[in-house]
Amino acid sequence: MLGTVKAEVRTYKNFVNGEWVAGSSGETFPVYDPSTEEVIAQVPSSNAADVDRAVKAARAAFDSGPWGQTNAADRGRILFKLAEKIRQNTAMLAELESRNSGKPIVEAEFDIADVATCFEYYGGLANKVMGHVNPVPANALSFTLREPVGVAGQIIPWNYPLLMAAWKLAPALAAGCTCVLKPAEQTPLTALEFANWFAEVGLPPGVVNIVNGFGETCGAALVAHPGVDKIAFTGSAAVGKLIVKSAADTLKRVTLELGGKSPNIFFEGADWEAAVDGALFGVFINQGEVCSAGSRILVEKKIYSKFVEAMTEKAKRIHLGAPLERDTKMGPLVSKEQYDRVSSYLEIGKKEAKVAIGGGRPKQFGKGYYVEPTIFYDVDNNARISREEIFGPVASVIPFDDEAGAIRIANDTPYGLAAAVWTRDIYKAFRVVKAVRAGIVWVNHMQPTYVEAPWGGYKQSGFGRELGPWGLEEYLETKQVFVNLDETPIAWY
Ligand code: ADP
Ligand code: MG
C-alpha cells in the first residue's frame, strides 16, 4: 500500500573530486515529499567555500587531470555506460523523482528514459565533432580545432530534475568539459544518486561535481567564481537576469533557458478532439510546471464558446492523485513556496477573468500541495495571468478574430520559448509558424521534445540552444590554426 511505508530520512552530501563530502558549515536543509509534506532527506547547505572546493576540483580535472587526455570516442563510451546505469535503475530513479518532485510516476519513468537517451545521443556525438579547413589565400594551411570551453557551472530547476541534469552534463562531457552542477534545492536527490555510478563508469575524480544549496548563496557563488568558464542555466527569467549581470564581471559564457508564456493557437476546422486534448495536455502536463507550457490558449471566436465548454468537460476527467499511483495524471506542485505562488495567481485571475473550472485546492486531499487544473476564460492578453509565467496548472483562454489577430496576440509577450498552432489548413499553419517569434513551434501537437532537435527561446526566454548538435556547440570553443608553408622570410624591412 502506498503511503504506509515511511521513506527513510537520509542525509546526503556533496560530490566533489570523486568523494562524498559534507558542507563546510555543517548546515543542512530538508528535502520534501510534496504529496505528504514530509521530510524525506537532508542535504548540505553549501556556501562559497564549498563551491570553491568544487570549482577547484573541476579546474584541476580540466587543466591537468586525465580527462584532457581522454579521446572523444572514450568519452562517448563513458556516456553510454552512464546511460546503461540509468536504464538498469529506471525503477529506483523514477520512484525517487516522483516522490521528491510530485510528478506522476508514469511521467517520471518517461523522464528517466529520456535521461538515458540524452546520454546515448551525446555519447554518439562525442567523436563527430569536427573542425574545418579554411581556404585562406596564402601558402598556408588554416584550420579550426574545436576545444572544450573548460569548467561549466550548471544550475538547474526542479521540474524535470534528472533530465535537466542530463541536458547539461551530457553535452558538456561529450565536449570534454568538466562540470559543477547545482541541482534545484527542492529536488537534488536523483542527481545525487546518479553520482554513485561516476567512478564505476570511468569518470575521473573532479570531472563532475555536485554541490547542493540555495540559489542566492550556492548558485550565486558558482556564477561569480573566476574559475568557471561558462554558466548554463535553466530557471526563471528573474534569476536569468541576475546571472547575466554577475557573469559580466568575469565575462563568462552564458546560456539561458528561461520561462515562457507560450501561445497554443486553435483555428476553426482543427481536428476537434485532438485540439481539445492538446489544449489541456499543453498546459496541465507535469502540473503545468513546464517552461514551455501552453498557458495562453488562443481560440478563434467562431469556435470559442464550444471550445471552452469542451475543455472544461474534459478537464473534469483529469485524475489528480498521489504521485506514485499509476493512474495519476497530475500530482501536487513541487513545494509549499510554489503552491503559495500559484494560489496567489488564482486569486489574481479570479479578479481578471472568468473561471471555467478549478481555481483552488482540490477537496479530496488533506495534505500535499495540490492545485486544481484551472481554466480562466475571457482573459485579456494584458492581464497579469496572460503576461506572467505562473508555472502551475493555470490556463488563460483568450479569443481572437482572425489569423492576423492570433499572431498579434501570440507575439505580444516578453517571452518567446514555444508556440503551437492547430489547423488543417497547411497554408495558415506555415504562415503562423513563420510569424511567431519563438524558438520552438509545434503544428497540431504541443510539448513533444526530442534530444535530436534544438531547444531554447527567443526574446526573454533566454539565449543559446540545448539538445542536438546545437547543445554540444555551446560547450565548444573554436581555435583558428594557421600553418605557414612558405619558407621565405617576411620582407618587412
Ligand atoms: P524557482 O523560483 O521557480 O525555483 P529559480 O529560477 O529561482 O526558479 O531557480 C532555478 C535554479 O536557479 C535553482 O537551482 C535555484 O537554486 C537557482 N538560483 C536561484 N537564484 C539564484 C541566483 N541568484 N544565482 C544563481 N542561481 C540561483
Ligand atoms: Mg527562485
Side-chain angles (χ1 to χ4, degrees), residues 14 23 29-32 34 43-48 50-52 54-55 100-103 152-165 167-169 179-192 209-225 228 230-250 252 254-261 286-293 295 332-345 369 371 388-394 415 417 457 460-462 466:
N14 291 334
F29 62 84
V31 175
Y32 294 92
V43 297
S45 178
S46 306
N47 55 29
D50 300 310
V51 169
D52 183 56
V55 171
N100 185 187
S101 70
K103 72 169 62 210
Q154 305 176 314
I155 300 174
I156 57 173
W158 42 258
N159 58 342
Y160 290 89
L162 193 58
L163 188 58
M164 291 298 101
W167 285 22
K168 300 280 181 280
L169 294 173
C179 304
V180 178
L181 177 78
K182 192 201 86 63
E185 54 270 32
Q186 298 86 349
T187 57
L189 302 184
T190 45
L192 292 168
N209 307 275
I210 304 180
V211 286
N212 296 282
F214 294 100
E216 299 74 14
T217 45
C218 181
L222 187 57
V223 178
H225 200 294
V228 173
K230 176 211 162 85
I231 292 289
F233 173 74
T234 299
S236 62
V239 172
K241 290 172 191 181
L242 294 176
I243 286 177
V244 172
K245 286 181 192 151
S246 169
D249 288 335
T250 43
K252 290 181 177 65
V254 177
T255 47
L256 301 174
E257 204 270 87
L258 308 175
K261 199 73 197 176
N286 207 48
Q287 301 75 240
E289 296 167 320
V290 180
C291 51
S292 57
S295 51
L333 301 185
V334 70
S335 65
K336 169 87 168 52
E337 188 190 357
Q338 192 60 13
Y339 175 85
D340 289 343
R341 197 180 130 75
V342 173
S343 300
S344 79
Y345 275 108
Y369 305 123
V371 171
E388 297 171 23
E389 183 176 51
I390 299 174
F391 227 70
V394 185
Y415 292 112
L417 183 59
Q460 291 193 28
S461 291
E466 297 193 277

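For reference, positions follow the sequence shown, starting with 1. Numbering of ligands and ligand atoms starts at 1, following listing order.
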Undergrad: With respect to His225, which candidate in Val180, Thr250, Asp52 satisfies the side chain to side chain contact (heavy atoms under 4.5 Å, CB included) definition?
TA: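 The passing option is Asp52.
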Undergrad: For residues 231-242, tabulate all N or O donor-acceptor pairs below 3.5 Å that involve a side-chain atom, not counting sequence neighbours.
TA:
{"from": "Thr234", "atom 1": "OG1", "to": "Lys168", "atom 2": "NZ", "distance (Å)": "2.7"}
{"from": "Ser236", "atom 1": "OG", "to": "Val239", "atom 2": "N", "distance (Å)": "3.3"}
{"from": "Lys241", "atom 1": "NZ", "to": "Gln460", "atom 2": "OE1", "distance (Å)": "2.9"}

Undergrad: Contacts table for ligand 1: protein N or O within a distance under 3.5 Å of ligand N or O, distances only.
TA:
{"from": "ligand 1", "atom 1": "4 (O)", "to": "Trp158", "atom 2": "NE1", "distance (Å)": "2.9"}
{"from": "ligand 1", "atom 1": "6 (O)", "to": "Ser236", "atom 2": "N", "distance (Å)": "2.8"}
{"from": "ligand 1", "atom 1": "6 (O)", "to": "Ser236", "atom 2": "OG", "distance (Å)": "2.6"}
{"from": "ligand 1", "atom 1": "14 (O)", "to": "Ile156", "atom 2": "O", "distance (Å)": "2.8"}
{"from": "ligand 1", "atom 1": "14 (O)", "to": "Lys182", "atom 2": "NZ", "distance (Å)": "3.1"}
{"from": "ligand 1", "atom 1": "16 (O)", "to": "Lys182", "atom 2": "NZ", "distance (Å)": "2.9"}
{"from": "ligand 1", "atom 1": "16 (O)", "to": "Glu185", "atom 2": "OE1", "distance (Å)": "2.6"}
{"from": "ligand 1", "atom 1": "16 (O)", "to": "Gly215", "atom 2": "N", "distance (Å)": "3.3"}
{"from": "ligand 1", "atom 1": "24 (N)", "to": "Gly215", "atom 2": "O", "distance (Å)": "3.4"}

Undergrad: Please check: side-chain N/O of Lys261 versus main-chain N/O of Glu388, any donor-acceptor pairing under 3.5 Å?
TA: yes
Undergrad: Quick one: closest heavy-atom pair of Gly259 and Ser461, and the distance?
TA: O-OG, 2.7 Å
Undergrad: Are any non-hydrogen side-chain atoms of Thr217 and Asn47 less than 4.5 angstrom apart?
TA: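 They are not in contact (no side-chain heavy atoms under 4.5 Å apart), so the answer is no.
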Undergrad: About how many Å separate CZ of Phe391 and OH of Tyr345, when rounded to the nearest 0.5 Å?
TA: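 Tyr345 atom OH to Phe391 atom CZ measures 12.5 Å (nearest 0.5 Å).
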